[in-house]
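Only this structure's heavy atoms are used, side chains among them; waters, hydrogens and symmetry mates stay out. Quick note on labels: first sequence line is chain A, next is B, and so on, each numbered from 1.
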Protein chains: 2
Amino acid sequence: MTSPELKPQRHSRASGRVTIVDVARLARVSPMTVSRALKTPALVQLEARDRIAAAIKQLGYVPNQAASTLASAKSQVIGVIVPSLSNSVFVDTLTGIRDSLNQHGYKFLIGESSYSPDKESQLISTYLAHAPDGFLLSGIEQQDALREQLATHNVPAVRMFDLNPGNSEVTVGFSHEEAGYSIARHLIARGYRQPGFLGAQLDPRMMKRRHGFRKALSEAGMNPEVEVLTPVPSTVELGTKMLGQILQQAPACDAVFCCNDDLALGVLFECQRRGLSVPGQMAIAGFNDLPWSAFANPGITTIVTPRYDIGFTAAQLLIKLLRHEPLETTSVDLGFKLAIRSST
Amino acid sequence: MTSPELKPQRHSRASGRVTIVDVARLARVSPMTVSRALKTPALVQLEARDRIAAAIKQLGYVPNQAASTLASAKSQVIGVIVPSLSNSVFVDTLTGIRDSLNQHGYKFLIGESSYSPDKESQLISTYLAHAPDGFLLSGIEQQDALREQLATHNVPAVRMFDLNPGNSEVTVGFSHEEAGYSIARHLIARGYRQPGFLGAQLDPRMMKRRHGFRKALSEAGMNPEVEVLTPVPSTVELGTKMLGQILQQAPACDAVFCCNDDLALGVLFECQRRGLSVPGQMAIAGFNDLPWSAFANPGITTIVTPRYDIGFTAAQLLIKLLRHEPLETTSVDLGFKLAIRSST
DNA sequence: CTGAAAGCGCTTACAG
DNA sequence: CTGAAAGCGCTTACAG
């Protein structure tokens with residue numbers, strides 16, 4: 001006969017995983033002391049610390065982040081939303097964010113909004129389930145519903161790539177309008193008579209660059225209406241097509257400002273194909289200073305954007321917010337640089 | 001006198017967050033039924049389901065992923081490690097992974113190993129704290145310690161970008177050696193006498209492409225020793241420099257195989273600058289078919305790699321593994337295509 | 001400097 | 001189809 005005391009065991013849910021309790025037992029301390037040794041070692045006696053370290057190593061202990069998040073209501077995760085990963089501009093920003101967050105033990109979840117406000121809101125809803133400590137968002141044109149959602153969940157956010165003076169939302173970027181303005185001023189100073197604008201994607205920041213560009217032309221008494229706009233993403237291929245389109249519209253066009261360098265590269269290739277000398281018959285200016293721009297033939301005049309620094313600075317500001325440290329300003333202008341090269 | 005029963009409340013840790021209990025109360029069901037309505041709605045009566053949905057909406061309830069992960073030991077998170085995010089090849093793979101995982105409710109953590117096995121192991125250790133359900137790794141040359149770690153934690157992994165026939169590790173990619181071989185065969189068939197090799201990064205897959213390239217030259221009785229190798233990452237700028245280096249080493253070199261298209265673009269610009277006609281005086285072949293390759297002037301001959309499909313397929317296989325479904329094969333060869341254009 | 005108790009918000013494993 | 005109880009592995013809030 002089997003013992004009637006030997007009931008089948010209920011609720012056996014052990015994951016087999018090594019836990020803080022196992023480490024504590026081996027190191028002959030309480031679980032609480034192991035937790036302290038990991039988070040605030042200064043509060044734990046050196047001897048105990050050594051025994052704990054040895055036990056962790058021997059057992060191959062890895063802390064369970066889910067348990068930590070649940071108990072502390074802090075996830076050490078930052079949600080990052082960028083418009084696109086195919087655009088190396090945003091990858092550079094992610095690198096800046098990573099370099100900044102890694103120093104402070106934060107991880108990040110990367111989301112790609114494809115420039116869609118709806119998708120951005122949706123991603124943020126999904127990420128909220130992971131209880132992120134904060135968000136890094138792209139642009140300043142978020143939907144009201146999104147603002148409410150962030151406020152309800154009490155999650156701080158920093159906006160990147162634009163400026164937002166006079167607004168309480170923390171923003172890190174530069175003035176796209178001024179950048180477009182300065183390209184136009186440069187082309188005017190060089191003596192081009194009919195500069196045109198090539199715009200893709202048509203996101204808000206691109207439209208601001210366009211606005212600055214048109215403003216400078218108008219101020220100089222020149223025609224600001226020479227342009228080709230399309231909502232599709234900018235690529236080299238698109239640039240090759242847009243050159244033909246703008247020349248058809250304005251045969252006298254002698255310079256183009258491309259809203260991104262990949263468009264500019266496409267224009268350059270197409271000029272070569274058509275036997276148009278650059279900058280003699282067609283000047284080309286781009287935007288962002290992508291890695292190849294300086295090495296093209298000829299080198300492409302462009303706006304150097306501080307995208308790595310935008311990511312790094314935005315992350316630093318977010319960490320300050322999380323620590324409730326005071327900020328000097330809510331709108332950080334990192335500026336831009338006009339790089340004049342042989343294409344204009 | 002104040003009542004002696006009114007003790008100060010201990011252990012008040014309420015986060016203020018809306019929980020499943022709040023939803024349950026409002027919907028007049030148990031928390032368990034709310035949980036079921038979310039995960040397995042078919043098991044919940046339609047009326048209850050409607051009341052729960054209304055309560056969720058009214059309260060703005062968002063499930064706490066940390067609590068779910070802790071209770072179920074399933075995180076719905078996949079760890080993805082790629083060598084580099086600056087290389088658009090891997091970004092395309094991430095897009096494929098995303099398209100595949102999103103269908104099944106998984107999120108993913110992206111790590112960048114910078115082609116370093118040490119960094120890869122380190123990232124995986126960090127990610128293990130998040131209890132990922134699985135990993136998608138790049139390459140087949142992982143360290144033994146890493147294999148052990150994955151085995152200990154019982155986390156399945158799929159390798160990407162290479163082949164691994166006869167091995168039990170699941171791998172999705174194509175043969176880099178065959179790709180290098182086919183580029184060499186093409187250059188030989190076109191009549192080039194002294195093809196050279198330009199290699200950057202020197203990662204294992206690049207070395208396999210080189211091996212295939214050299215093998216074809218040797219078989220044809222040609223000199224396989226014309227090459228420039230450097231461990232730095234491939235860029236357009238690097239390509240402009242490497243052309244000079246290989247011409248110095250072998251002035252008769254009349255064709256180059258670049259281990260990546262950005263190198264090829266740099267070579268093209270430098271040829272233009274030096275007045276070398278392409279392909280007349282110098283033929284150029286690249287690798288990967290980056291977005292601009294077809295639109296350069298001339299279009300660049302290259303190997304079209306199935307990088308989106310690699311990501312998509314690898315994620316599909318991982319999901320099968322997680323569901324303990326049988327796989328037909330452990331090494332999936334997605335192949336490659338030789339795109340012959342005007343540069344060769 | 002250390003530890004016992006309680007709780008974070010879910011899901012598992014039952015029982016009905 | 002539904003629910004009460006227990007537990008996942010940590011950290012908080014005390015008390016010493």
Side-chain angles (χ1 to χ4, degrees), chain A residues 7-25 27-52 56 59-76 128-131 133 153, chain B residues 7-25 27-52 56 59-76 128-131 133 153:
Chain A
K7 297 179 194 159
Q9 209 185 331
R10 275 190 70 193
H11 298 295
S12 157
R13 293 170 57 186
S15 63
R17 176 167 192 152
V18 176
T19 73
I20 209 169
V21 176
D22 301 315
V23 174
R25 196 164 351 193
R28 285 170 288 120
V29 293
S30 73
M32 200 48 240
T33 301
V34 176
S35 178
R36 283 200 190 90
L38 259 26
K39 303 284 166 189
T40 50
L43 299 182
V44 177
Q45 193 182 267
L46 188 59
E47 266 187 31
R49 234 150 67 198
D50 288 344
R51 288 206 308 281
I52 291 167
I56 286 175
L59 298 172
Y61 169 70
V62 176
N64 184 325
Q65 181 63 44
S68 170
T69 299
L70 182 58
S72 69
K74 277 174 199 142
S75 64
Q76 297 285 94
L128 280 174
H130 291 265
D133 294 342
H153 288 265
Chain B
K7 295 180 194 161
Q9 210 185 329
R10 277 188 68 190
H11 298 293
S12 157
R13 295 169 58 184
S15 63
R17 177 168 190 151
V18 175
T19 72
I20 210 168
V21 176
D22 301 316
V23 174
R25 194 161 357 191
R28 286 170 288 121
V29 293
S30 73
M32 198 49 239
T33 301
V34 177
S35 178
R36 282 199 191 92
L38 259 27
K39 304 285 166 189
T40 49
L43 298 182
V44 177
Q45 194 183 268
L46 188 59
E47 267 188 29
R49 233 150 68 197
D50 288 344
R51 288 205 311 279
I52 291 167
I56 287 175
L59 297 172
Y61 169 71
V62 175
N64 184 325
Q65 181 64 43
S68 169
T69 299
L70 182 58
S72 69
K74 277 177 201 140
S75 63
Q76 297 285 93
L128 280 173
H130 291 265
D133 294 341
H153 288 264

Among the nucleotides [options], which one has an atom lying closest to any side-chain atom of [X]?
X	options	answer
A:L70	D:dT2, C:dC8, C:dA4	C:dC8
A:R36	C:dT2, D:dG7, D:dC10	C:dT2
A:S30	D:dG9, C:dT11, C:dA4	C:dA4
A:M32	C:dC10, D:dG9, D:dA13	D:dA13
A:V44	C:dT11, D:dT2, C:dT2	C:dT2
B:V29	D:dG3, D:dG9, D:dT11	D:dG3

Mind calculating the distance between [atom1] ([X]) and [atom2] ([N]) to the nearest angstrom?
X	N	atom1	atom2	value
A:R49	C:dT2	CZ	P	10 Å
A:K39	C:dT2	NZ	C1'	19 Å
A:R17	D:dC10	CZ	P	7 Å
B:D22	C:dC10	CG	P	9 Å
B:R28	D:dT2	CZ	P	13 Å
A:I52	C:dG3	CD1	C1'	12 Å
B:N64	D:dC10	CG	C1'	13 Å
A:R51	C:dC1	CZ	P	14 Å

* **Strand partner of C:dA4, provided both Watson-Crick or wobble distances fall under 3.5 Å** =>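 With both distances under 3.5 Å required, C:dA4 matches none.
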* To do: Go ahead and name the base partner of C:dA13; Watson-Crick or wobble counts if both distances stay under 3.5 Å, otherwise write none.
  =>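 WC or wobble partner does not exist here.
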* To do: Could you tell me whether the phosphate oxygens of C:dT2, OP1 or OP2, come under 4.0 Å of any side-chain nitrogen or oxygen in A:Q45?
  =>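 Yes, because at least one side-chain N or O of A:Q45 sits under 4.0 Å from OP1 or OP2 of C:dT2.
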* Asked: Just to confirm, is there a sub-4.0 Å distance from OP1 or OP2 of D:dT2 to any side-chain nitrogen or oxygen of B:T33?
  ->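 Checking D:dT2 against B:T33, no side-chain N or O comes under 4.0 Å of OP1 or OP2.
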* To do: Name the residue closer to the 5' end of DNA chain D, choosing between B:L43 and B:A67 according to the nucleotide with the nearest heavy atom.
  => B:L43
Are any of the side-chain heavy atoms of [X] and [Y] separated by less than 4.5 Å?
X	Y	result
A:E47	A:D50	no
A:T69	B:T69	no
A:N64	B:L70	yes

* **From CA spacing to verdict: side-chain contact (heavy atoms from CB on, under 4.5 Å), A:V62, A:R17** => CA-CA 9 Å; A:V62 176; A:R17 176 167 192 152; 4.3 Å; yes
* Which part of the nucleic acid does A:A42 contact within heavy-atom distance under 4.0 Å: base, sugar-phosphate only, or nothing? ->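 Sugar-phosphate contact only.
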* Could you tell me whether the side chain of B:R36 and the main chain of B:V44 form a donor-acceptor pair under 3.5 Å? => no
